[in-house]
Undergrad: 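Following this message is one structure expressed as structure tokens.
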2 protein chains.
Amino acid sequence: MSTRRPVRHATTARRTPTPALLELVAGRFRALGEPARLGILHALEHGPLSVTALVERTGLGQANLSKHLQQLHAAGFVSRSRRGMFVDYALADADVLRLCELMCGRLDDDLAATQAVMAPQRRSA
Amino acid sequence: MSTRRPVRHATTARRTPTPALLELVAGRFRALGEPARLGILHALEHGPLSVTALVERTGLGQANLSKHLQQLHAAGFVSRSRRGMFVDYALADADVLRLCELMCGRLDDDLAATQAVMAPQRRSA
DNA sequence: TGGCGGTATAACCATATCGGCATACGGTTA
DNA sequence: TAACCGTATGCCGATATGGTTATACCGCCA
């Protein structure tokens, strides 16, 4: 349910945003503003994983990981589902990766620009 | 310079991200993870503004605002330029708004979904 | 050159957040 | 039901971050 793509309400769009709305949006960006959580999302890129599996791939402590997963879930970036004794987490939708790719694209550009300034004539360094 | 659009290096793309890279990306998301800074970006949506002008539109204290502007600038979201005694800040590019729109779209969807669950038969509440 | 308006920085406090430890919760299996 | 495994939560110390006040910096103009 919720294809996420065609929907577009007027809720958050095109108006002077209230402080409460800004806080909501900011909270979601903040959820991505942590290397550990980005690592989790990256680990989920190729399919759902249980908490235990995520502990291995990310190297995070179990408790710590669990807390990060709660935050990602609260922000709507991952979905939760039980499988026997395990709990599988998965990327909620493709927009998550879109956000990261957009951000990475910006980073690439800026890094390239910085390099160009720092060493204009060198090939790579 | 730097059209930002067609460029796409291999730097951050498609590889197991190093901790340092994750930190870089996370830092940029964190720069957007603050209502005050989102408010600043919103204020700049229709054109460059000086710090003084931003103080008025955002209601932030001057020192506070200045610090937020430094962070946004460091993250590459705004550009700086002197005009006489003033310093004008402007959105660095259109991707900034793209990121916010993507995030707002997600929020809209989630809010709609929540409402649908909370009051399936009501029209609006 | 001195004063002034605009902007940035420093020092400070309050609060939020992360990571780790211990432990509680929830299913599953014996 | 009891023991057990996977997951979540409460508490703590360390650190980071935001907001305020005071002050330093820096072009401009008299």
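Every value quoted in this text rests on a predicted model; they were computed, and no experiment measured them. In the text below, chain A, chain B and the rest are named by the order of the sequence lines, each starting its count at 1.
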Undergrad: Verify the contact: side-chain N or O of A:Gln62 to OP1 or OP2 of C:dG20, cut-off strictly under 4.0 Å; return yes or no.
TA: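 It does not, given that no N or O in the side chain of A:Gln62 lies less than 4.0 Å from OP1 or OP2 of C:dG20.
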Undergrad: Considering only D:dA8, C:dA8, C:dG19, which nucleotide approaches the side chain of A:His68 most closely?
TA: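 In terms of side-chain proximity for A:His68, the closest of D:dA8, C:dA8, C:dG19 is C:dG19.
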Undergrad: Calculate, to the nearest 0.5 Å, the distance between atoms CG and CG belonging to A:Leu24 and B:Leu38 respectively.
TA: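 Reported value, rounded in 0.5 Å steps: 11.0 Å.
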Undergrad: Given atom CG of A:Leu65 and atom P of C:dC18, what is their separation to the nearest angstrom?
TA: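 The answer, rounded to whole Å, is 13 Å.
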Undergrad: Specify the residue among A:Ala36 and A:Gly84 whose closest nucleotide of DNA chain C lies further upstream toward the 5′ end.
TA: A:Ala36
Undergrad: Once you round it to whole Å, what is the distance between P of C:dA22 and CG of A:Asn64?
TA: 16 Å
Undergrad: Can you check whether any acceptor in the base of D:dT20 is under 3.5 Å from a donor in the side chain of B:Lys67, or vice versa?
TA: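 Answer is yes: a donor-acceptor pair is held.
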Undergrad: Which of the following nucleotides, C:dT7, C:dC18, D:dA8, is nearest to the side chain of A:Gln71?
TA: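 The closest nucleotide is C:dC18.
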Undergrad: Taking the side chain of B:Val87 as heavy atoms from C-beta outward, which of D:dG18, C:dA8, D:dT9 is closest to it?
TA: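 Nucleotide nearest to B:Val87's side chain: C:dA8.
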Undergrad: Salt bridge between B:Glu23 and B:Arg30, side-chain N to carboxylate O under 4.0 Å?
TA: yes
Undergrad: Specify the residue among A:Gly33 and B:Arg80 whose closest nucleotide of DNA chain C lies further upstream toward the 5′ end.
TA: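 Going by which nucleotide is closer to the 5' end, it is B:Arg80.
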Undergrad: Taking atom CZ of A:Arg98 and atom CZ of B:Arg106, what is their separation to the nearest 0.5 Å?
TA: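 It comes to 11.0 Å.
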Undergrad: Please assess B:Asp109 against A:Asp93 for the test side-chain contact (heavy atoms from CB on, under 4.5 Å), listing each intermediate value before the final yes or no.
TA: CA-CA 12 Å; B:Asp109 293 355; A:Asp93 57 73; over 6 Å; no
Undergrad: Quick one: is A:Arg82 getting a side-chain N or O under 4.0 Å of the D:dG6 phosphate, OP1 or OP2?
TA: no
